Amino acid sequence: MLDLKLIREQPDLVRWAVSVKRTNLDVDALLELDRQVSAQRTRVEALQAERNRQAKAVRDASPEERPAGIQRGKEIAEQLKGEESLLRQLEQQLQPLLLQVPQIPLESVPVGESEEDNVVLREVGRRAEFAFPPRDHVALLERQGWAEFERVGKISGSRSYMLRGELVLLEQALLRFALDFLYARGYTLLSASALVRPETLFATGHFPGGEDQVYRIEGEALLLSGTAEVPINFLHAGEILNFEELPLRYGGISAAFRSEAGSAGRDVRGLIRVHEFKKVEQFVICEGSLEHSMALFGELLSNAEEFLQALELPYRVLQNCTADMGAGKLIMYDLECWVPSEQRYRETHSCSNLGDWQARRSQLRYRDPAGKLRFPHTLNNTAVATPRILVPLVECHQQADGRVRVPGALRPYLGGRELLGRALSAQEAR
RNA sequence: GGAGGGUUGGCCGAGCGGUUGAAGGCAGCAGUCUUGAAAACUGCAGUGGGGUGACCUACCGGGGGUUCGAAUCCCUCACCCUCCGCCA
């Protein structure tokens with residue numbers, strides 16, 4: 001959500017944002033409706049003032065004057081009823097439009113038309129060279145007995161998976177490493193429920209627009225969130241935060257659910273795109289200035305990069321262009337890890353600075369040192385998401401014999417083991 | 001699932017249907033006093049919307065209703081607490 005004043009005073013800026021973000025929003029219709037709401041509000045308030053005056057007059061009236069005063073009050077109340085209901089109608093028309101107004105991207109963000117226009121900022125780490133034909137993660141997992149792909153379909157349908165054996169431990173190691181990693185950097189850890197109310201999804205900006213990505217619980221007004229960003233963002237909703245406690249740094253672990261409506265046929269095989277996964281998310285609430293939030297954007301980004309470096313995974317940093325960055329975002333970088341079987345990078349992390357866009361929707365404020373109420377900035381980035389991260393991890397660290405080398409950072413979580421799996425025979429490994 | 005009690009400003013906590021936007025306290029800001037600080041005392045001070053301004057208006061968990069007039073009465077939803085039942 002943007003400040004209505006900004007929309008009124010700089011409609012061209014908003015039109016620009018709508019255009020470069022490929023949003024479908026009629027800014028002029030919004031402005032016209034806003035004018036109608038303002039005019040109607042003025043009418044309603046004038047009537048309210050009259051009603052209040054009349055009520056006081058009745059209170060102070062002599063018994064003889066009273067009936068006439070009450071009659072007059074009734075007339076005002078009757079008229080007010082109609083005008084108020086019209087105001088409510090207009091406001092209800094305006095509200096959904098306001099929720100669609102995108103954040104103005106930073107000037108530095110490349111303007112683009114699709115994800116094709118995202119910009120590679122840098123590539124880090126050496127892509128593994130294999131002296132043998134590398135297997136893809138599905139083949140690797142099946143041969144090691146590390147996953148159930150065939151049977152699980154009868155339990156949960158397509159895009160489902162079940163990890164098995166040592167891979168369960170590897171997944172837990174990754175999650176635990178991510179938590180320790182953030183804890184060591186002063187992040188407050190949260191173990192969050194994915195079960196959330198609809199307003200939490202409006203607050204983050206997933207709604208309106210992302211409704212078909214989210215699972216609903218039948219008979220309940222609850223939904224299954226696709227990221228801990230949703231519950232964490234709403235944790236302080238409606239509060240006035242103490243300036244001294246900013247920035248709030250959170251590391252939240254949760255289950256994550258995504259319907260993947262609209263991705264039919266894409267990545268149906270393996271662990272890249274599944275309906276349910278586990279994620280450790282970084283989430284920060286900071287002072288509402290670009291100076292602060294961009295510093296923290298850098299922090300969230302380098303946390304993720306250091307994490308990937310600790311996993312010894314080659315990755316690249318991508319700056320998302322305006323068309324591929326989501327309505328609420330000021331700026332967004334994706335981290336993509338190298339997947340040998342596909343000979344390309346796949347997204348594992350997504351780092352965003354939302355400015356005050358989410359905070360406005362969440363009624364989240366703080367009092368600055370001058371005593372003025374201000375909206376903070378919010379940011380988020382993945383710390384780790386599994387099982388997706390397992391794809392580059394097992395593929396990049398696979399050995400000729402089908403075993404998987406454990407990067408040093410994870411060994412403490414796996415009893416010091418350097419290799420997972422059993423050496424496959426030449427026949428098995430085929 | 002059943003029964004009852006609650007939700008008021010940054011926090012705590014009063015509040016007969018009509019000078020209550022809301023007592024009082026704490027915290028905050030300014031001043032007096034003091035070498036300085038503390039204490040004490042005095043004053044200022046809620047949030048959003050509208051107006052150049054005096055000022056008007058809304059907000060006492062959300063929504064709806066009764067009334068000339070609602071923080072106060074009614075309905076409804078959410079949440080919190082207590083007891084009973086069930087339960088990983």
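Source: prediction; values computed, not measured. We use all heavy atoms of the structure for the numbers below, so side chains are in, but hydrogens, waters and symmetry mates are not. So you know, we letter chains A, B, ... as the sequences are listed, proteins then strands, and number each from 1.
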Using the C1' atom as the reference point in each nucleotide, state the distance between G61(B) and G2(B) in Å, no decimals. 24 Å
query = For Ile76(A), which contact category applies under a 4.0 Å heavy-atom criterion: base, sugar-phosphate, or nothing?
reply = nothing
Residues at least two apart in sequence or cross-chain that pass side-chain contact (heavy atoms from CB on, under 4.5 Å) with Lys74(A), listed by chain then number, are Ile70(A), Gln71(A)
Exercise for review: Could you work out the separation of G21(B) and U47(B) based on their C1' atoms and round it to a whole Å?
Suggested key: 11 Å
Mate of A22(B) across any strand shown (Watson-Crick or G-U wobble, both atom pairs under 3.5 Å) is none
Margin query: Determine whether a donor-acceptor pair (N or O, by modelled atom type, separation under 3.5 Å) exists between the side chain of Gln282(A) and the backbone of Thr382(A).
Written below: yes
Mate of G1(B) across any strand shown (Watson-Crick or G-U wobble, both atom pairs under 3.5 Å) is C84(B)
Open item on the list: I want to check a possible cation-pi pair here: Arg360(A) against Trp357(A), using under 6.0 Å from ring centre and within 45° of the ring axis as the test.
Closed with: no
Rounded to whole Å, CD of Gln40(A) lies from C1' of G50(B) at a distance of 14 Å
Margin query: So Arg43(A), base contact, sugar-phosphate only, or nothing? Heavy-atom distance under 4.0 Å.
Written below: nothing
Glu91(A) atom CD is separated from G49(B) atom P, nearest whole Å, by 13 Å
To the nearest angstrom, the OH-C1' distance between Tyr366(A) and G28(B) comes to 18 Å
Heavy-atom nearest nucleotide on RNA chain B taken for Arg8(A) and for Arg53(A); more 5' hit belongs to Arg8(A)
Partner of G69(B) under the Watson-Crick or G-U wobble criteria, both distances under 3.5 Å, comes out as none
Reading nucleotides 58-79 of chain B from 5' to 3' and marking B where a protein heavy atom lies under 4.0 Å of the base, S where only the sugar-phosphate is that close, and - otherwise, the string is S-----S---BS--------SS
In whole angstroms, the gap separating P of G10(B) from CG of Asp368(A) amounts to 15 Å
Checklist line | Rounded distance in Å between the P positions of G13(B) and U20(B) | finding: 23 Å
Using modelled atom types and a 3.5 Å cut-off, is there a donor and acceptor pairing between side-chain atoms of Gln100(A) and backbone atoms of Pro96(A)? yes
Any strand, both distances under 3.5 Å, Watson-Crick or G-U wobble: G31(B) pairs with C41(B)
Partner of A14(B) under the Watson-Crick or G-U wobble criteria, both distances under 3.5 Å, comes out as none
Review point. When you compare A23(B) with A38(B), how far apart are their P atoms, in angstrom units rounded to a whole number?
Key: 27 Å
*Determine whether His377(A) and Leu296(A) make a side-chain contact, defined as any pair of heavy atoms from C-beta on separated by less than 4.5 Å.*
no
Rounded to whole Å, NZ of Lys5(A) lies from P of G48(B) at a distance of 9 Å
Using the P atom in both, what is the distance from A58(B) to A22(B), to the nearest Å?
13 Å
| Is Arg72(A) paired with Glu75(A) through a side-chain N to carboxylate O contact shorter than 4.0 Å? | yes
Assert: residue with more 5' nearest nucleotide on RNA chain B, out of Glu50(A) and Arg41(A), is Arg41(A)
Would you measure the distance from the P atom in U8(B) across to the matching atom in A14(B) and give it in whole Å?
11 Å
Could you tell me how far G31(B) sits from A45(B) if I compare only their C1' atoms? Round to whole Å.
14 Å
Between CD of Gln363(A) and P of G10(B) the distance, given in whole Å, is 12 Å
message = Are there over 12 heavy-atom neighbours, none belonging to Arg405(A), within less than 6.0 Å of that residue's CZ?
response = yes
Check: Under 3.5 Å, side chain of Arg411(A) to main-chain N/O of Val406(A), donor-acceptor pair present?
Finding: yes
dist Glu336(A):CD -> Arg346(A):CZ (nearest 0.5 Å) comes out at 8.5 Å
Re C59(B): Watson-Crick or G-U wobble partner, both distances kept under 3.5 Å, found to be G46(B)
Rounded to whole Å, CG of Leu364(A) lies from C1' of U47(B) at a distance of 15 Å
Phe243(A) CZ to A27(B) C1', in whole Å, measures 18 Å
Atom P, compared across C60(B) and A70(B): separation rounded to whole Å: 12 Å
